[in-house]
Protein chains: 2
Amino acid sequence: MREVMKKMDIEMKLRGFEDRCRHNGLKVTPQRTAVYKALIGTDTHPTAEKVCKIVRQDISSISLDTVNRTLLTLAEIGAAFQVEGTGQPRRFDGGLEDHQHFRCIKCGKIVDFHYEPFDNIEIPVHLQGQFQIMRKTVYLEGICQTCSATTSS
Amino acid sequence: MREVMKKMDIEMKLRGFEDRCRHNGLKVTPQRTAVYKALIGTDTHPTAEKVCKIVRQDISSISLDTVNRTLLTLAEIGAAFQVEGTGQPRRFDGGLEDHQHFRCIKCGKIVDFHYEPFDNIEIPVHLQGQFQIMRKTVYLEGICQTCSATTSS
DNA sequence: TACTATATAGGGCTTACTCTTATATTCTTA
DNA sequence: TAAGAATATAAGAGTAAGCCCTATATAGTA
Ligand SMILES: [Mn+2]
Ligand SMILES: [Mn+2]
Ligand SMILES: [Zn+2]
Ligand SMILES: [Zn+2]
C-alpha cells in the first residue's frame with residue numbers, strides 16, 4: 001500500500017539524516033529533525049517562512065531564525081540544497097535525486113520534472129578540470145499554464 | 001582589427017536597444033542607455049550596485065534606484081535577464097545568446113561557458129505543452145579553482 | 001548524574017530592494 | 001521649434017529577508 005511505503009521511506013530518510021548529523025558532529029535536535037521532515041514532506045520548494053509555519057504545527061515555539069539556520073545547515077551537510085532561481089526569499093529542496101526545475105516568472109512556482117536526457121547529462125572533461133562540480137541541473141524559466149490562462153484576458 | 005569590430009558590435013546593439021525601447025513605449029534616456037551599455041560591456045553578471053558604479057563614471061548623479069529599476073526594465077523587454085542562482089544581491093546578464101553558467105558557492109563568481117550539447121538542448125514536447133518556456137540553461141554549481149586552491153591549506 | 005559543547009529563542013541590526021513624490025526629461029504635435 | 005502630456009529620475013523613507021548577539025536550554029558523554 002502506498003501510505004505504508006511512504007512511511008517506511010520517511011523513516012529511512014530520517015535514519016539517514018541522523019547519521020549524517022552525527023558524521024558531521026552535529027547534534028540531533030527536535031528542531032533539526034522537524035525542519036528536515038517538513039522539507040522532505042513537500043515538493044513545493046518552500047521558503048524558510050513556509051517551513052517555519054509547517055514545523056510550528058509540531059514545535060510551536062521554534063524561531064524563524066532557527067529554521068533559517070537549520071536550512072542552511074542542511075545544505076552544508078548535503079541533506080538539501082538551495083534552489084537556483086531569481087526570487088527574493090530563498091527557497092529550499094530536499095529532493096536529492098537528479099531532477100530539473102521549471103520556474104514561473106509570474107507566480108514564482110517551481111515545478112519538478114524529469115526527462116531522461118536532462119537527468120543524465122554528462123559534464124564535459126574540460127569543465128571537470130576547471131571546476132569541482134557539486135550540482136548540475138537544467139533550469140527552465142517561463143510562464144505556467146495557470147498564469148497563461150489568467151493573463152490572456 | 002578587434003577593437004573596431006567591438007565598437008561596431010556595440011553600436012549595433014545600442015541601435016537595437018533603442019528600437020526595443022521604442023517598440024515597448026519606453027523613452028530612450030541617457031540613464032537607460034548607460035545601464036544597458038554597462039551591462040553588455042561585462043561578462044561578470046554584475047549586481048545593481050556594481051552596474052551603478054560603472055555608470056557613475058559617465059553619469060555621476062544616477063541613483064541606485066534608477067539602476068535597479070532600469071535593470072528590471074531591461075529584463076522585462078528582453079534586453080537582459082536576471083541570472084539564476086542563489087545569492088542575495090540579484091545579478092544580471094546582458095548576453096542573450098544561448099550559454100551556460102557555473103557558479104562558485106564559495107566566492108559567488110558566475111562563469112559563462114559554452115558546450116554544444118548544452119547550448120542545443122531541445123525542450124521535450126510534453127513540457128512545451130505544459131509551460132510557455134522563455135529561457136533554458138544548464139546550471140552548474142560547485143567550487144572554482146581559485147577557491148579550491150585557497151581552501152586546501 | 002553531571003559536565004561540556006553545541007543549539008535555540010528572541011530581539012536588534014544590516015542590507016537589498018521597493019515605494020513615494022517632487023522635479024526633470026523625452027517625445028509628440030501644432 | 002515651442003509647448004504640452006506622458007514618462008523617467010533622484011532622493012529619501014519604508015519594508016522584508018535574513019544575519020548577529022547573547023542568555024538560556026539541551027544533547028551527547030563519561
Ligand atoms: Mn526540486
Ligand atoms: Mn552569462
Ligand atoms: Zn505561474
Ligand atoms: Zn570561487
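Chain A is the first sequence line, chain B the second, and so forth, proteins listed ahead of strands; every chain is numbered from 1.
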Under a 3.5 Å threshold, yes or no: a donor from one side chain and an acceptor from the other, between A/Gln100 and A/Asp112? no

Taken to the nearest whole Å, CZ/B/Arg91 to P/C/dA16 is 13 Å

Donor-acceptor pair, side chain of A/Arg32 and main chain of A/Leu71, under 3.5 angstrom: no

Return no unless some side-chain N or O of A/Arg69 is found under 4.0 Å from OP1 or OP2 of C/dT6. no

message = Would you say B/Gln31 places a side-chain N or O within less than 4.0 Å of OP1 or OP2 belonging to D/dA10?
response = yes

Atom CG of A/Asn68 and atom C1' of C/dT14 are separated, to the nearest Å, by 14 Å

B/Glu76 atom CD is separated from D/dT7 atom P, nearest whole Å, by 15 Å

Separation of C/dT6 atom C1' from A/Lys27 atom NZ, nearest Å, is 4 Å

Atom CD1 of A/Ile62 and atom P of C/dG11 are separated, to the nearest Å, by 16 Å

Which is true for A/Leu72 with a 4.0 Å heavy-atom rule: it touches a base, it touches only sugar-phosphate, or it touches nothing? sugar-phosphate

Exercise. Is there a donor-acceptor pair under 3.5 Å between the side chain of B/Thr66 and the backbone N or O of B/Ile62?
Worked result: no

Notebook entry, point to check: Reckon A/Arg90 has a side-chain N or O less than 4.0 Å from the OP1 or OP2 of D/dG18?
Noted result: yes

Here the distance between atom P of D/dA27 and atom CD1 of A/Ile59, to the nearest Å, is 10 Å

Separation of D/dG18 atom P from A/Gln82 atom CD, nearest Å, is 9 Å

Looking at B/Asp65 and C/dC17, is any side-chain donor or acceptor paired with a base atom of the opposite kind under 3.5 Å? no

Inset, instruction - Under 4.0 Å between any heavy atoms, over every strand shown, what does B/Leu64 touch: base, sugar-phosphate, or nothing? Just pick one. - result: nothing

Comparing B/Thr66 with B/Gln88, nearest DNA chain D nucleotide closer to 5' gives the residue B/Thr66

Salt bridge present between B/Glu11 and B/Lys7 (N-O < 4.0 angstrom):
no

Exercise for the section: With heavy atoms under 4.0 Å as the rule, sort A/Ser61 into base, sugar-phosphate or nothing. Expected result: sugar-phosphate

Salt-bridged, B/Asp98 to B/Lys136, with N to O below 4.0 Å?
-> yes

Of the candidates C/dA7, C/dC17, D/dA17, the side chain of A/Thr29 sits closest to C/dA7

Atom CD of B/Glu49 and atom C1' of C/dT15 are separated, to the nearest Å, by 10 Å

